[in-house]
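First comes the structure, then the notes that go with it.
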Amino acid sequence: MAKSFHFPLQKVLKFKKTIEDIQAIALKKSQLSLDKENGYLNDLAQKKENLLNVKEDDDINSENLSLNKLQISSDYVSQLNDKISSQVKVVEKSYEIVDKERDDLIEVSKNKKIVEKLRERKLTSYLKNNRKKEMTKESEIALRIVSKKKNYGVIQ
């Protein structure tokens with residue numbers, strides 16, 4: 001019975017697979033964070049748009065708008081603009097983090113792939129050598145059978 005294939009760097013391959021999994025999780029977390037920050041930015045933009053697109057209601061007429069209410073509305077819009085601009089910076093930073101995590105994952109995957117290719121080559125070589133040994137044994141057995149049959153006069 002032939003011995004089974006043993007890859008000497010199997011522990012390294014397993015370690016690289018673990019590192020790849022960890023990096024994939026980190027990428028997913030950064031993508032979720034980016035989605036959350038984008039959602040908050042969209043909420044702020046929607047609040048600003050709703051405030052600016054207020055239709056003339058019965059309560060608020062342009063004639064009834066006092067200077068004080070106008071100042072409060074203006075301050076609120078200014079605060080929203082400040083929050084939006086700071087949130088844009090947060091979203092840009094989140095995009096940078098996602099890009100970095102993605103690049104890291106690609107690099108880790110390449111490193112793992114190198115070891116996997118090496119394993120495939122070693123396995124292919126092992127199987128090829130194993131098959132050659134089996135064929136040699138089969139040939140020897142066949143030659144012995146033929147020579148025995150010649151000795152006993154079965155084959156002429």
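Position 1 is the first residue of the sequence, and the numbers go up from there.
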Exercise. Taking a hydrophobic cluster as the set of Ile, Leu, Val, Met, Phe, Trp and Tyr residues connected by side-chain heavy atoms closer than 4.5 Å, whether directly or through intermediates, do V115 and I106 fall within one such cluster?
Worked result: no
Problem set entry | Joint cluster assignment, L80 & V88, ILVMFWY side-chain distance < 4.5 Å | yes
Exercise. Heavy atoms, side chains only, cut-off 4.5 Å: are F7 and L123 in contact?
Worked result: no
Exercise. Do L52 and L44 share a hydrophobic cluster (ILVMFWY, side-chain heavy atoms under 4.5 Å, transitive)?
Worked result: yes
For this session: For the residue pair L9 and R119, establish whether any side-chain heavy-atom pair is separated by less than 4.5 Å.
Result: no
Exercise. Can you name the closest pair of heavy atoms from L41 and I84 and give their distance?
Worked result: CD1-O, 3.8 Å
Problem set entry | Worked verdict on D21 versus K17 for salt bridge (Lys or Arg N to Asp or Glu O under 4.0 Å) | CA-CA 6 Å; D21 291 344; K17 175 67 175 150; 3.3 Å; yes
Problem set entry | S78 vs D82 side-chain heavy atoms within contact, under 4.5 Å | yes
Problem set entry | Test applied, side-chain hydrogen bond (donor to acceptor under 3.5 Å, both in side chains); reference residue, E101; option that passes from Q31, K29, Q23 | Q23
Problem set entry | Basic-acidic side-chain contact under 4.0 Å: K100, D103 | no
Exercise. Has the side chain of N53 got a donor or acceptor atom that lies under 3.5 Å from a matching backbone atom of E49?
Worked result: yes
Problem set entry | Shared hydrophobic cluster, L118 / F15 (ILVMFWY, side-chain heavy atoms < 4.5 Å) | no
Seminar exercise, completed: Smallest heavy-atom separation, N81 atom then K48 atom, equals OD1-NZ, 2.5 Å
For this session: Scan side-chain atoms only and decide if Q46 and N50 contain a donor-acceptor pair under the 3.5 Å cut-off.
Result: yes
For this session: Enter the distance from D104:CG to S109:OG here, rounded to the nearest 0.5 Å.
Result: 10.5 Å
Exercise. Are the charged groups of E134 and R131 less than 4.0 angstrom apart, N to O?
Worked result: yes
Seminar exercise, completed: Given the options E107, K113, K112, E20 meets side-chain contact (heavy atoms from CB on, under 4.5 Å) only with K112
For this session: Say whether, by atom type as modelled, one donor and one acceptor occur between the side chain of Q87 and the main chain of E37 under 3.5 angstrom.
Result: yes
Seminar exercise, completed: In short, E116 meets L13 closest at the heavy-atom pair CG-CD1, 3.4 Å
Problem set entry | Separation between CZ of R144 and OG of S139, rounded to the nearest 0.5 Å | 12.0 Å
Exercise. Under a single-linkage definition using a 4.5 Å side-chain heavy-atom cutoff for Ile, Leu, Val, Met, Phe, Trp and Tyr, are I97 and I22 assigned to the same hydrophobic cluster?
Worked result: no
Problem set entry | Sidechain-backbone polar pair: T136 side chain, K132 backbone, donor-acceptor under 3.5 Å | yes
Problem set entry | Minimum side-chain heavy-atom gap Q10-F5 below 4.5 Å | no
Exercise. Are any non-hydrogen side-chain atoms of N129 and S125 less than 4.5 angstrom apart?
Worked result: yes
For this session: Say whether, by atom type as modelled, one donor and one acceptor occur between the side chain of T124 and the main chain of E120 under 3.5 angstrom.
Result: yes
